[in-house]
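Numbering of residues begins at 1 and proceeds along the displayed sequence. The shown structure was predicted, so the numbers you read here are calculated from the model rather than taken from an experiment.
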Amino acid sequence: MSRRAGREPGRPARWWRRQSLRTRLTVIAAMAIAVSVFAAFQVASELLDRELRDTAEEQLRADSRVLATNAERVGPAKVELPPYPGSGRLVRVVLPDGSTRTPPGQPSLPPVSENAERVARGASADLMESNSSDEEGYAVYTLRAGDGAVQVARAVDDSPINRFGFGMLLIGLLCMVGGALVGRTVARTGLAPIDRLTAAAVRVAHTRELDAAIPDEGGGEIRRLIRSINEMLAALRNSRQAQRLLAEDAAHELKTPLTSLRLNVELLIRLDRRGTLDSALPAESRTRLLNDLGAQVDELSTLVAELTDLARGDVSDESTEVLDLADVVVAAAARAGSRMPDIEVALDVTSVWVSGRLAALERAVLNLMDNAGKWSPADQPVQVRLRAEGASAVLEVDDAGPGIDAADVPRVFDRFYRADSARALPGSGLGLSIVQRVVDAHGGRATVARSARGGALLRVDLPATAPHAPVTQLTTGEDTAAS
């Protein structure tokens with residue numbers, strides 16, 4: 001049986017994940033205080049135990065020196081040992097033969113250890129021992145005195161440490177409860193902006209109202225989060241406004257061709273129902289009407305295609321590649337020649353490599369040529385020039401038409417905008433808007449000016465890049481007609 005790639009989280013982990021941030025902060029604060037109190041208790045207990053032990057040992061040494069002085073003066077066998085008072089220190093004299101003397105009524109001490117016997121024989125000056133193997137442990141200090149030794153002992157008392165530990169336990173519990181309350185309060189105060197931010201986000205989600213900005217409050221990460229959400233709301237408002245304008249503009253632009261198409265179709269249907277289609281519409285008029293219908297359908301198809309392309313959130317689904325912009329211009333010129341057989345497209349292009357999307361760039365170049373073809377006289381070609389200029393690829397489309405009025409220049413690239421002089425010409429007013437969007441997406445710039453021939457000069461600057469292959473000049477100083 002194969003093992004699972006990943007184990008399921010345990011019950012504590014699942015419980016922790018289900019808790020709110022406020023609860024997590026409260027638990028973390030309480031646990032942090034508990035760990036701090038426990039660590040402080042360990043350190044304080046060790047220091048207190050060491051201090052009490054040092055104090056007790058110093059007292060044992062002092063008492064032993066007094067007893068040893070008396071034993072050296074009269075001898076260990078004759079030194080006077082007062083009766084045991086019932087509490088306090090315990091004394092014992094160790095004679096050279098290993099026997100011991102103790103005060104009357106004193107509790108018995110543990111047997112003399114071998115090391116203590118060595119002190120009594122003079123092998124060592126003194127010895128501090130701690131015996132806790134019995135029910136009641138003793139700290140015993142042995143000091144050489146005369147031809148024997150004296151011992152002073154005290155029972156090891158852990159009650160101060162135990163009382164201290166119990167007190168620290170109560171303090172720790174109180175600190176945990178206080179830490180939990182403080183953590184809860186701090187979490188509630190610190191997360192108040194998050195709560196208001198959440199409420200505002202929920203309100204926006206329920207009401208779909210994007211106009212109310214969230215108040216900028218708090219500091220640090222909270223302020224950056226609020227500002228980011230306000231920027232997101234502003235972007236959503238702009239997107240909604242752009243969608244609304246697109247729908248309104250599309251409805252307005254579709255109204256005219258649809259109305260004309262509907263009137264022509266209704267006329268044909270009405271004449272056909274009356275049976276007077278052939279008599280009311282001679283062959284020449286009928287052909288002209290059908291041609292008008294076809295032109296209106298083509299105009300609607302073009303408008304719908306351009307609306308679809310403009311409404312996309314990105315320029316294209318295709319990936320970016322390094323390509324020769326001259327190839328793009330030549331391909332666009334071939335398509336423009338088939339769409340405008342009466343207009344000559346003269347090319348003067350040099351290989352310039354750019355990083356971009358092939359279909360989007362070709363569509364933009366074709367729109368530039370279509371726009372120029374509308375205005376160019378039949379006997380004047382549309383001139384298309386491509387060259388490298390510094391770190392940019394410069395594309396210029398030049399026509400010999402009437403040019404663009406100064407009042408119309410700022411709005412040439414606006415969506416659906418058509419100058420008064422262009423109202424009678426076919427088109428949707430979307431072509432140059434698509435050019436602008438494609439150029440912006442490629443990090444370039446589109447501008448318009450008056451050409452030397454009196455018409456419009458549309459210029460596109462795109463960032464150039466290193467070629468994948470050696471650069472070759474396609475056309476130098478000569479015009480190529482695209483048919």
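Taken from OG1 in T100 to CG in D97, the straight-line distance is 9.5 Å, to the nearest 0.5 Å. If you take CZ on R144 and OG on S64, they are separated by 14.5 Å, rounding to the nearest 0.5 Å. Atoms CG and CZ, on L60 and R53 in that order, are 12.5 Å from each other to the nearest 0.5 Å. T55 contributes atom OG1, which lies 12.5 Å from atom CZ of R50 (distance to the nearest 0.5 angstrom). Atom CG of L386 and atom CG of D327 lie 10.0 Å apart (nearest 0.5 Å). To the nearest 0.5 Å, atoms CD (Q106) and CZ (R101) are separated by 12.0 Å.
N230 and R227 form no side-chain donor-acceptor contact under 3.5 Å, judged by distance and modelled atom types alone. There is a side-chain donor-acceptor pair under 3.5 Å between R385 and Q383. Side-chain contact annotation: S113 with E129, donor-acceptor N/O pair under 3.5 Å present. Under the 3.5 Å distance criterion, with hydrogens and angles disregarded, no donor-acceptor pair is assigned to the side chains of S392 and D461.
Minimum interatomic distance between G105 and Y84 (heavy atoms only, all atoms of both residues): O-CD2, 3.6 Å. Closest non-hydrogen pair, V91 versus L109, comes out as O-CD1, 4.4 Å. Of all the heavy atoms in L143 and A68, the pair that sits closest is CD2-CB, 3.6 Å. Looking at every heavy atom in both residues, R357 comes nearest to H442 through N-NE2, 3.0 Å. T350 and A326 get closest at one heavy-atom pair: O-CB, 4.0 Å. Closest non-hydrogen pair, G148 versus P76, comes out as N-CG, 3.8 Å.
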Verdict with reasoning, L90 to R154, per side-chain contact (heavy atoms from CB on, under 4.5 Å): CA-CA 6 Å; L90 305 176; R154 284 184 179 274; over 6 Å; no

L347 and V329: CA distance, side-chain angles, deciding distance, side-chain contact (heavy atoms from CB on, under 4.5 Å) verdict: CA-CA 8 Å; L347 298 181; V329 174; 4.0 Å; yes

Worked verdict on R387 versus E389 for salt bridge (charged side-chain N to carboxylate O under 4.0 Å, His left out): CA-CA 6 Å; R387 65 183 182 276; E389 190 173 289; 3.1 Å; yes

Trace of the salt bridge (charged side-chain N to carboxylate O under 4.0 Å, His left out) decision for R335 with E362: CA-CA 10 Å; R335 293 179 58 187; E362 185 174 335; 3.4 Å; yes

From CA spacing to verdict: side-chain contact (heavy atoms from CB on, under 4.5 Å), L457, E396: CA-CA 7 Å; L457 176 63; E396 293 179 340; 3.9 Å; yes

Worked check of side-chain contact (heavy atoms from CB on, under 4.5 Å) between R459 and V394: CA-CA 7 Å; R459 170 171 170 154; V394 178; 3.6 Å; yes

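A donor-acceptor pair is defined here as one N or O able to donate and one able to accept, closer than 3.5 Å; no such pair exists between the side chain of S99 and the backbone of L95.
Within the 4.5 Å cutoff, the side chain of V322 has no heavy atoms near those of the P467 side chain. Between M128 and R61 the shortest side-chain heavy-atom distance falls below 4.5 Å. A heavy-atom distance below 4.5 Å is found between the side chains of L462 and V439. A heavy-atom distance below 4.5 Å is not found between the side chains of V354 and D324. The side-chain heavy atoms of Q151 and V94, taken from C-beta on, include a pair separated by under 4.5 Å. Looking only at side-chain heavy atoms (C-beta outward), L81 and R92 stay at 4.5 Å or farther from each other. Two residues are said to be in side-chain contact when any heavy atoms from C-beta on lie closer than 4.5 Å; V150 and Y141 fail this criterion. A 4.5 Å side-chain heavy-atom check between D348 and V384 finds every atom pair outside the cut-off.
For the side-chain contact (heavy atoms from CB on, under 4.5 Å) with V435, the lone residue among L458, N367, L366, V365 that qualifies is N367.
In the displayed structure, R445 atom CZ is contacted under 6.0 Å by at most 12 heavy atoms of other residues, nucleotides or ligands.
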